[in-house]
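Data block below; observations after.
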Amino acid sequence: MLSKKWCLFASVPVFTLIPQLAMAQQFPEEEHHHTVSEEALVSSIESYAATAQQTAAIIQQFLILPAIKTRTEMDEAAARQALQLPQSFGAALRYQNIDPKYAEDGDLYGGSLAMMWDTEALTYGVMVPYDNLDFNNLDANRIGVVGFGQFRQEIQQSLGMTYTGYLNYNNTNVSVGSKDDDINNYGGGLAAALTMDRESYVLGASLAYQYNTDDSNVRDDEQHLLKTGLKTGLRFGEMTALSLYGIWTLDFTDYDIDPEDDDYFEVGAELTASLSDTWGLTFGAKDLIGLDYINVQEVYLGSIWKF
């Protein structure tokens, strides 16, 4: 039977913001073919590090195709269903090193809390992420809420589909010197995933769409993303499991000013450990491939408590 997606809480949405003000001051005009204002760079929705891109990436990675469950967790999930104990509480910490091509490196420190309710065929819940991005020339704080629902359909004993929908809101405060700006982002998405869950291994594939807009009042303030993902995982013994994944993102928005890069890959690995019947940990790392203007490496540690 298809396993339930608890590991959303093993690492929940944490969002990054590029130090785009610094980039605007240092980019040669011939490098990116057009100039934009500092405010437009900070609020640019097509940027990888903008709220919309990060929301789609985290939902894909941790809800649509999550890290696989250990054997202990699978047994415990069946027992919880029999006892009608659906609640889960999760917390996560995340660190990112962000290296723009034309600015100094920055650090992101994030964390979030989440609550999930689980029934036989439906999972729903809410997440509240917060993060701080620290650069020499820019400081940003972002807080948001994501409400989600996921329906599971069993096709065969070890093969199943999941259908996921979510809505998101985020507020970002950007401080550059004595100037503060607030940006509000609104959006949502739909996704479908096919997963084969055997005794010792899991294979999964997914397709997702997301729409987002914001109140930045720049020319291009709407975005359409398409994401596809592949994930495989192995269970080792009763208490541990390892997942590997690759995610491809295409931004097919018809912008007035087209970005130089409209697609990229994320590749990563996750190690899951069951410390008890109700407590689990996930450690993961991810790398960004395919964008010329930025390099991003990420590590995260999450924990979940079921009651």
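Given the structure is predicted, the values throughout are model-derived calculations rather than measurements. Sequence positions, counted from 1, serve as the residue numbers for this chain.
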Give a yes-or-no answer on whether the side chains of [X] and [Y] include a donor-acceptor pair shorter than 3.5 Å.
{"X": "Asn185", "Y": "Tyr169", "value": "no"}
{"X": "Tyr300", "Y": "Glu270", "value": "yes"}
{"X": "Tyr245", "Y": "Gln60", "value": "no"}

Contacts of [X] that satisfy side chain to side chain contact (heavy atoms under 4.5 Å, CB included) - sequence neighbours left out:
{"X": "Tyr124", "answer": "Trp117, Leu122"}
{"X": "Leu203", "answer": "Met196, Tyr201, Thr232"}
{"X": "Asp254", "answer": "none"}

Open item on the list: Is any side-chain heavy atom of Asn170 closer than 4.5 Å to one of Asn184?
Closed with: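 Answer no - side chains too far apart.
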Task: Pair Lys227 + Asp251: basic N to acidic O under 4.0 Å - done: no
Open item on the list: Assess whether a salt bridge exists between Arg71 and Glu199, defined as any Lys/Arg side-chain N lying under 4.0 Å from an Asp/Glu carboxylate O.
Closed with: yes
TODO: Test salt bridge (charged side-chain N to carboxylate O under 4.0 Å, His left out) on Arg235 and Asp197 and set out the steps.
DONE: CA-CA 11 Å; Arg235 297 183 174 101; Asp197 193 336; 3.1 Å; yes
Task: Listed partners of Tyr186 passing side-chain hydrogen bond (donor to acceptor under 3.5 Å, both in side chains), at least two apart - done: none
Open item on the list: Can you list everything that forms a side-chain hydrogen bond (donor to acceptor under 3.5 Å, both in side chains) with Asn141? Sequence neighbours excluded, please.
Closed with: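 side-chain hydrogen bond (donor to acceptor under 3.5 Å, both in side chains) list for Asn141, sorted by chain: Tyr130, Asn132, Asp139.
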Open item on the list: Running the 4.5 Å side-chain criterion over Ile, Leu, Val, Met, Phe, Trp and Tyr, what cluster does Tyr209 land in, apart from itself?
Closed with: Leu207, Tyr211, Leu226, Trp248, Leu250, Phe252, Phe265, Val267, Ile289
